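The block underneath contains the structure these notes are about, expressed in structure tokens.
Computed over heavy atoms, backbone and side chain alike; hydrogens, waters and symmetry mates excluded. From a predicted model like this one, the values you see are computed outputs, not experimental measurements. Order of the sequence lines fixes the chain letters, A, B, ..., with proteins taken first and strands second; residue numbering starts at 1 for each chain.
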Number of protein chains: 2
Amino acid sequence: MSASKSAAKARNEPAPGHVALGRLGDFVGFRLRRVQNQLSRNFAAVTAEEGLKSGLFSSLAIIGANPGLSQNELSHEVGLDKSVTVTMIDEMERNGWAERRRAPEDRRRHALFITEAGQAKLDRLFTLMEETESAVLHQLSEGELALLSELLDRMYDAVVRDEG
Amino acid sequence: MSASKSAAKARNEPAPGHVALGRLGDFVGFRLRRVQNQLSRNFAAVTAEEGLKSGLFSSLAIIGANPGLSQNELSHEVGLDKSVTVTMIDEMERNGWAERRRAPEDRRRHALFITEAGQAKLDRLFTLMEETESAVLHQLSEGELALLSELLDRMYDAVVRDEG
DNA sequence: TATTGTTATACTCTATAACTATA
DNA sequence: TATAGTTATAGAGTATAACAATA
């Protein structure tokens, strides 16, 4: 051990790269956050290369899985304000990935649809996302991954129900 | 069923779970994100009531667990830019929760320490966080919680190692 | 009168770059 | 020359409020 490290230890300073978590380590929210922060940064890097802003990917995926969805429904599902959704759909239409169609049964609503180009884009993004996640998921067995998903779903149901 | 949910139903909003996820549901990153988003909103609501900005809580906890930590080390640990850390420490000092002390062995560095008032604040915050998490954690057995933490740690180690 | 979508706006969070003082 | 911290600033991301069209 070096002299400076000994000095640091004597002062009760943390060794570089070995920062203590203390009670913070008892919280699952903390663990969740740091994993998710790193993952979302990797995701953001990938999606930025593909020329789209964060959040657009999951919105496009939701539209693709729910043709005719309204902007309000999309906003609620992805957890964004409706004004943010407007900007995002604008960008999708500009790129030709999705389109608004005035709903005949309620002309206030815009029914959202993914285009062929949007579906192709989405397929490519899904592949990129799989590659991005694979580094992390290789740490987990298939059973562990399934269990993890189940636990996260149970937690999500609880936390969503909690806020109404 | 809560009153707000009934109101949502009356307004013809989609019931939770009515919107299909499609391939998005195959990604653990998506599940991670939606749980974490909800949790962090609940956390933010609690911490706002306590008069502190998001991110300050975990930074104060890290300082408390690592007396003498430098601002650079803290920045790296919580994943924020050093300029953001400056603003946060400013706020902590303004509230008397932490203090900077010029490090004698390297006068460029500021060694960070939590104050007595800061520790009292932190203890109160930990209690509030436990209450906030409890609604979610009641869904999980003790064994499941331990397993979840272990899986998340393995994922975090992998994703951190991945980026260097 | 209420709701969907739109626009304008402001506020928060974060990143970048230039600067200082120390090494 | 390099590093720790500071400052100023700009860019995302998000939320709020007022508005038009429709119910």
Atom-pair distance ([atom1] on [X]; [atom2] on [N]), nearest Å:
X: B/K82; N: D/dA8; atom1: NZ; atom2: P; result: 16 Å
X: A/Q71; N: C/dT7; atom1: CD; atom2: C1'; result: 13 Å
X: A/H110; N: D/dA21; atom1: NE2; atom2: P; result: 13 Å
X: B/R101; N: D/dA4; atom1: CZ; atom2: C1'; result: 18 Å
X: B/L74; N: D/dT6; atom1: CG; atom2: P; result: 12 Å
X: A/L56; N: D/dT14; atom1: CG; atom2: P; result: 12 Å
X: A/N72; N: C/dA2; atom1: CG; atom2: P; result: 16 Å
X: B/L80; N: D/dG5; atom1: CG; atom2: P; result: 14 Å

Discussion item. Less than 3.5 Å apart, any donor N or O on the side chain of B/N72 or B/S70 sitting next to an acceptor on the other?
Written reply: no
Fill in: Proximity to DNA chain C (any heavy atom under 4.0 Å), residues of residues 88-99 of chain B only
none
Worksheet item: Counting only distance, no hydrogens or angles, is the base of C/dT3 paired donor-acceptor with the side chain of A/R108 under 3.5 Å?
Response: yes
Discussion item. Please determine whether any donor N or O and acceptor N or O are separated by less than 3.5 Å between the side chain of A/S83 and the base of D/dT14.
Written reply: no
Ionic contact status for [Y] with [X], cut-off 4.0 Å:
X: A/R31; Y: B/E150; result: no
X: B/E73; Y: B/R109; result: yes
X: B/R23; Y: A/E130; result: yes

Practice prompt. Output all residues satisfying ring-ring contact (aromatic ring centres under 6.0 Å, His included) with A/F27, sequence neighbours left out; order by chain, then residue number.
Written response: B/F126
Worksheet item: So what does B/R100 hit on the nucleic acid, given a heavy-atom distance under 4.0 Å: a base, only sugar-phosphate, or nothing?
Response: sugar-phosphate
Discussion item. Over all strands shown, is A/T85 touching base, sugar-phosphate only, or nothing at heavy-atom distances under 4.0 angstrom?
Written reply: nothing
Which nucleotide, [options], lies nearest any side-chain atom of [X]?
X: A/V86; options: C/dT6, D/dT16, D/dT22; result: C/dT6
X: A/R107; options: C/dT6, D/dA4, D/dA23; result: D/dA23
X: A/D106; options: D/dA23, D/dT14, D/dG5; result: D/dA23
X: A/R109; options: C/dA17, C/dG5, D/dG5; result: C/dG5
X: B/D81; options: C/dA15, D/dA23, D/dT6; result: C/dA15

Discussion item. With a 4.5 Å cut-off on side-chain heavy atoms, are B/H76 and B/K82 touching?
Written reply: no
Discussion item. Contact between A/I63 and A/I89 at the side-chain level, heavy atoms closer than 4.5 Å - yes or no?
Written reply: yes
